[in-house]
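Have a look at the structure below before the remarks.
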Amino acid sequence: MDRIVQEIEQAAREAGEIIRSAHGTELGVENKEGRANFVTRYDTMVQEFLTRRLREIIPDARFLGEESGMDRFVPGDEEGYLFVIDPIDGTTNFIHNMHPHVTSIGLFKDGQPWAGVVYAPVTDQLFSAQRGCGAYENGRRIHSSRQGLSENIMLTGTSGFSMSAFAVSQKLTAAFQERCQGYRSTGSAEYNLCMVASGRAGGYCEMKLGLWDFAAGSVILEEAGGRITDYHGNPLSYREESGIIALCEGLAKDENMPDTGAYWDMWDGK
Ligand code: IPD
Ligand code: CA
Ligand code: CA
């Protein structure tokens, strides 16, 4: 793995120390736009810390981050290095003192995801990958499950932002429930992708995620032999928010998968 990625791993661990230090302190919870969308003073603190710290690693990198004010892909981001950061993914869990909540750092090179680091401070799990170099959990090589749907559990997002997306997502979850060993919802998109990458879950679907919610985990999953697409099976644009279907190697080949595109088409998009 490139020295840059090792330094990003170290930065993610340092961010995790800030998150761990929050325990028992005033979190400063504020509402953002939309339903159940929160930010705490720790989200802002970690974003600021990482912007400074990662600039030491790649001085001319550009930045896109959930809490940075620069939260969309802009002209110029297709060239060179771009960090795509979610300082705390799983903020609602963090507020309720529940695991998982993670720090997520994606690194794009010339407009495409090139490396990803996800750190879960409560369980001290560090997931990382670099394009072409495999995926790792705490330094140990990981691979997604080679088994099919009937041998796996599924992960699903809760679509807290929209009741109509929630209703469609529940229908798809029911279709999976019939064919798999059950489903779970963890509350952190990046952690879910790492759970699929490491073979603990077979797949994960969510109807709307920000770029920072899957920038790191997509590289980790693909390097672990999995696949990430939109609901119709198309490659992601990596330019804006997306619905995502993340599958382990076994599910990507399973002929008993529900037609996720048909469920997507039921959603009114609101
Ligand atoms: C959220 C989490 C959650 C997903 C939401 C995301 P945040 O990110 O990843 O699992 O269901 O759509 O917004 O707000 O905790 O960074
Ligand atoms: Ca997030
Ligand atoms: Ca966040």
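Whatever order the structure lists them in is the order used to number ligands and atoms, beginning at 1. Note that the structure is a prediction, hence the values are computed from the model and not measured.
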Could you tell me, atom by atom, which parts of ligand 1 come under 4.0 Å of a heavy atom of Thr91? 15 (O)
Can you tell me how far the CD1 atom of Ile88 sits from the CD atom of Glu190, to the nearest 0.5 Å? 13.5 Å
Should Glu79 and Arg62 count as an ion pair when the cut-off is N to O under 4.0 Å? no
Using a 4.0 Å cutoff against the non-hydrogen atoms of Leu209, which atoms of ligand 1 qualify? 12 (O)
At what distance is the nearest protein heavy atom to atom 13 (O) of ligand 1, and which residue and atom is it? Asp213 OD2, 4.0 Å
Tell me which donor-acceptor pairs under 3.5 Å the side chains of residues 174-187 have, and how far apart each pair is, sequence neighbours excluded?
{"residue": "Arg179", "atom": "NE", "partner": "Asn256", "partner atom": "O", "Å": "2.8"}
{"residue": "Arg179", "atom": "NH1", "partner": "Ala175", "partner atom": "O", "Å": "3.0"}
{"residue": "Gln181", "atom": "NE2", "partner": "Ser150", "partner atom": "O", "Å": "3.3"}
{"residue": "Ser185", "atom": "OG", "partner": "Thr156", "partner atom": "O", "Å": "2.8"}
{"residue": "Thr186", "atom": "OG1", "partner": "Ser188", "partner atom": "N", "Å": "3.2"}
{"residue": "Thr186", "atom": "OG1", "partner": "Ser188", "partner atom": "O", "Å": "3.4"}
{"residue": "Thr186", "atom": "OG1", "partner": "Asn192", "partner atom": "OD1", "Å": "2.6"}

Report yes or no: does Val39 have an N/O/S atom closer than 3.0 Å to the Ca ion (ligand 3)? no
Do any nitrogen or oxygen atoms of Tyr204 come within less than 3.5 Å of a nitrogen or oxygen of ligand 1? no
Report yes if some N/O of Ser159 lies less than 3.5 Å from some N/O of ligand 1; otherwise report no. no
With a 3.5 Å cut-off and sequence neighbours excluded, list the donor-acceptor pairs that the side chains of residues 112-120 form with protein atoms.
{"residue": "Tyr119", "atom": "OH", "partner": "Arg20", "partner atom": "NH1", "Å": "3.1"}
{"residue": "Tyr119", "atom": "OH", "partner": "Asp124", "partner atom": "OD1", "Å": "2.6"}

Identify, by name, the N, O or S atom of Asp89 lying closest to the Ca ion (ligand 2). OD1
Arg52/Glu48 ion pair, N-O < 4.0 Å: no
Angle class for the Phe94/His101 ring planes (parallel below 30°, perpendicular above 60°, tilted otherwise)? perpendicular
State whether the shortest distance between N or O atoms of Asp86 and N or O atoms of ligand 1 falls below 3.5 angstrom. yes
Would you name the N/O/S atom of Asp86 that lies closest to the Ca ion (ligand 3)? OD1
Residue Gly187 vicinity, atoms of ligand 1 by number, heavy atom under 4.0 Å: 2 (C), 3 (C), 10 (O)
Residue Asp213, metal the Ca ion (ligand 2), N/O/S under 3.0 Å: yes
Is the ring pair Tyr191/His99 parallel, tilted or perpendicular, if the boundaries are 30 and 60 degrees? perpendicular
OG/Ser145 to CD1/Ile153 distance, rounded to the nearest 0.5 angstrom? 10.5 Å
Counting each atom of ligand 1 from 1 as listed, which ones have a heavy atom of Gly90 under 4.0 Å away? 7 (P), 15 (O), 16 (O)
Given the rule in the side chain to side chain contact (heavy atoms under 4.5 Å, CB included) test, do Arg55 and Phe63 qualify, once you have shown the distances and angles that lead to the verdict? CA-CA 9 Å; Arg55 215 166 248 148; Phe63 283 83; 3.7 Å; yes
Looking only at non-hydrogen atoms, which of Glu66, Glu206, Lys208, Glu190 approaches atom 4 (C) of ligand 1 most closely? Glu206
Using a strict cut-off of less than 4.0 Å between a Lys/Arg side-chain nitrogen and an Asp/Glu carboxylate oxygen, indicate whether Glu9 and Arg13 qualify as a salt bridge. no
Carefully, step by step, assess Gln10 and Gln6 under the rule side-chain hydrogen bond (donor to acceptor under 3.5 Å, both in side chains). CA-CA 6 Å; Gln10 179 54 30; Gln6 291 171 17; over 6 Å; no
So if I count the atoms of ligand 1 from 1 in the order they appear, which ones are less than 4.0 Å from some heavy atom of Asp89? 1 (C), 2 (C), 7 (P), 8 (O), 9 (O), 15 (O), 16 (O)
Relative to the heavy atoms of Ser188, which atoms of ligand 1 are at a distance of less than 4.0 Å? 9 (O), 10 (O)
Ile88: heavy atom below 4.0 Å from ligand 1, yes or no? yes
Which N, O or S atom name in Glu66 marks its closest approach to the Ca ion (ligand 3)? OE1
